[in-house]
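As structure tokens, the structure follows; a few thoughts come after it.
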Amino acid sequence: MQRTKTALKYLGLGIAVTVMLGLAIAPFSKRLIEQWSRNDVEARSRLVYNAVQSQIVAAMADGDNVQLSLLFSAIALDQRILAVGLCAPQGGLIAPTKMMPAAFSCEKVARSDAESFSTIAIDGHRIMVGAFPVSSGTTRSYLVILHDLSFIDKRSGEARAFIIAVLFGVAVAMAGGAMIFVFVTLRGWMESLRRAVEDVRTGTSSLAATRDQSAIDVQIKKLLSEVEVGRSAINATQIEWSPTTLQQLLRDSLPEAEVLIVSNREPYIHNRDGDTVSVQVPASGLVSALEPVIRACGGTWIAHGSGSADRETVDRHDRIDVPPDRPAYSLRRIWISDEEQEGFYYGFANEGLWPLCHIAFVRPTFRENDWRLYQAINERFADAVVQEAKTDDPIVLVQDYHFALAPRMIRNKLPKATIITFWHIPWPNAETFSICPWKEQIIDGMLGSTILGFHTQFHCNNFFETVDRFIESRIDREHATVTLGGHETMVRAYPISIEWPPAALEGQPPVEVCRAEVRAALGLAPDTRIAVGIERFDYTKGILDRMRAVDDLLTRQPDWKGRLVFVQVAAPTRSKLSSYSSLQDDAVALADEINARHGSADYTPIRLLIRHHGAAEVFKLFRAADCCVVSSLHDGMNLVAKEFAAARDDERGVLVLSSFTGASRELAAALIVNPYHLHEMATALDTALRMPDREQQERMRAMRQQIREWNVYRWAARMLIDAAASRRRQRIFDLAGGAR
Ligand code: F6P
């Protein structure tokens, strides 16, 4: 009882210290965030000003207000910018954008030689006005950029809520710890009492049992103290995540855990060509993200053996150690017949779920037989997990829309497994998802997971909405969990990324050499500007749209003719499906048409290279390019965008990026475009190709910094830390004799 009192005393003290800490930190954090956000807004305005100053001067000189309007509208596409306009020397407002508040007047703008920032209140909103002098001839106007500062209050509120939540969490953890401690102590005490009575009755000693109980106490305390350790590590920005830190994390937070990956696409494909067997790394975002992770962690990757020499290269257990040159993990191949492949991969996954989840206006097709085969193949992979698992509680990383049913199947076979499912494509809204005839089974299958990850919070929200509509379950939005049949699934956003530093950068010659080599290989003049697009030949990627944008640019600005070449690399994919083969035909026809319209005997503006390119080739092309166009109509993340930035260690080159990619949430320094708006894309291409060096550098540096900090090791670490916390919670419950 003395220990219980002491625990309660320390608990009270801990809570008091936590509350005092909270009260002390909250105002300080508000000030800090206010200052930081203002600096952020100022820097953003400055960046815009530097970027467009010369274009404004040119338009002013021509007296071209239409050009100014177009330019300002493009600037105002940035979600943070409220409105843009030009204050004329006489005080009038020229070319204000749509959201310019009616109450705004140029009279209030400070007119000085240098930039100035002021805050005004309009309709209860705090608006920051940045005014930048722009001189044309003898007249001076002011570019005004308005930012709505309400986001700062929101940000401060969120930070305060976060601090309070963390402190509350600490207090709850302490209370929980103390309660468990008290509970276990009490239980041990009752047990001791019972045994003492028994001892008195029988004359024996219960010393050994007491020793067992205190060993459990020690374990629980250790587990509790470890729960938050990983979380603080993941938030520490100073940690540069790498294979080493990931391994360290596994050692510290998940000792002895075995890792299994389940995916359809395998990381290494063996193909026979006559007498030789070659190894191919497929063009797959999933593979390029997960391969470095499993190389760091070790374990087993279970995937479909799709290569023509795959069977002859495995051992009698269908396993092969990979990577071929430096084995670090085991690849277990699963065999799928052609008929099964038709129904499972081409049918249900790629004619059903793929178009269902992507807004690209291709109609999803669902067939009974495809569904039957989808179930059968999911079951086969779940069985393989059981065969490969050496323990009863492995960590299983289930990948993508090919395996929506596998999590539940694995859970039934290995109830203690930690199943982390990652959905690499978008999740549609509930209305759209209701098209799927087997929606309930799909959702139920996914809710067998311990953790379910999407790229963006938006897709998590769509998932919650879908579950809410079609399944009887408990949704806790505050903790982002869904509980079904007593089992809880955490639903979280984990934006995927790439390895850093990227392996494909190793051994790359300097940018100038890459450029010269690419120009020589394509037979281009030494001063040709190069724009590139690189991806699988998929209708979600907006390949036709970007070719049309090039067409539009060459039509509206013929001075680019002969000087600009657009290189489109497209790896054939899923070609058996008509939606894919017809895209390929359409792209070839469109390229021919544009080339005929703008080309000549020695100038071909669009180069369409339809074949798989290895990582080194892709990086060389990225390094040779002046700009890269990622115009996906809809994309979960799009790792090509991140790879382009990763390839540019010279901090040059411009990324034109669709706003419908997950990547656009992180890479705000790209030129963000709506791929459905041809004219906007063409203008962005032009801006990219004319962008001053300084601005290219600033943008590229920001993107590279973001990717370096939030690389794929951190992506994996975030999920593994959440997995570790979940496992510890379960162990505490088990030790305390409860169930979850
Ligand atoms: O985008 C989803 C995804 O699974 C990616 O991870 C990957 O790049 C692509 O689809 C691969 O498609 P497939 O395996 O059908 O070639």
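For ligands, and for the atoms within them, numbers begin at 1 and follow the listed sequence.
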Worksheet entry | Which atom of I496 lies closest to which atom of H455, heavy atoms considered | CG2-CE1, 3.1 Å
Fill in: Which residue and heavy atom of the protein sit nearest atom 10 (O) of ligand 1, plus the separation
R574 NH2, 3.4 Å
Worksheet item: Can any side-chain N or O of R272 pair as donor or acceptor with the backbone N or O of G274 at less than 3.5 Å?
Response: yes
Fill in: F422 contact mode with ligand 1 (heavy-atom cut-off under 4.0 Å)
neither
Practice prompt. Of the side chain and backbone of D400, name the one, both, or neither that has a heavy atom under 4.0 Å from an atom of ligand 1.
Written response: side chain
Just jot down the ligand 1 atoms closer than 4.0 angstrom to any heavy atom of [X], in number order.
| X | value |
| --- | --- |
| Y345 | 13 (P), 15 (O), 16 (O) |
| W354 | 1 (O), 2 (C), 10 (O) |
| I425 | 1 (O), 2 (C) |

Worksheet item: Are the ring centres of W715 and Y494 closer than 6.0 Å?
Response: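 Between W715 and Y494, the centre distance exceeds or equals 6.0 Å.
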Worksheet item: Can M637 be said to touch ligand 1, with heavy atoms closer than 4.0 Å?
Response: no
Practice prompt. Examine L286 against ligand 1 and note whether any of their N/O atoms are separated by less than 3.5 Å.
Written response: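 Yes, L286 has an N/O under 3.5 Å of an N/O on ligand 1.
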Item to complete: Report yes if H402 has an N/O atom closer than 3.5 Å to an N/O atom of ligand 1; otherwise report no.
Response: no
Practice prompt. Name the option, out of R265, R536, H358, that contains the heavy atom nearest to atom 11 (C) of ligand 1.
Written response: R536
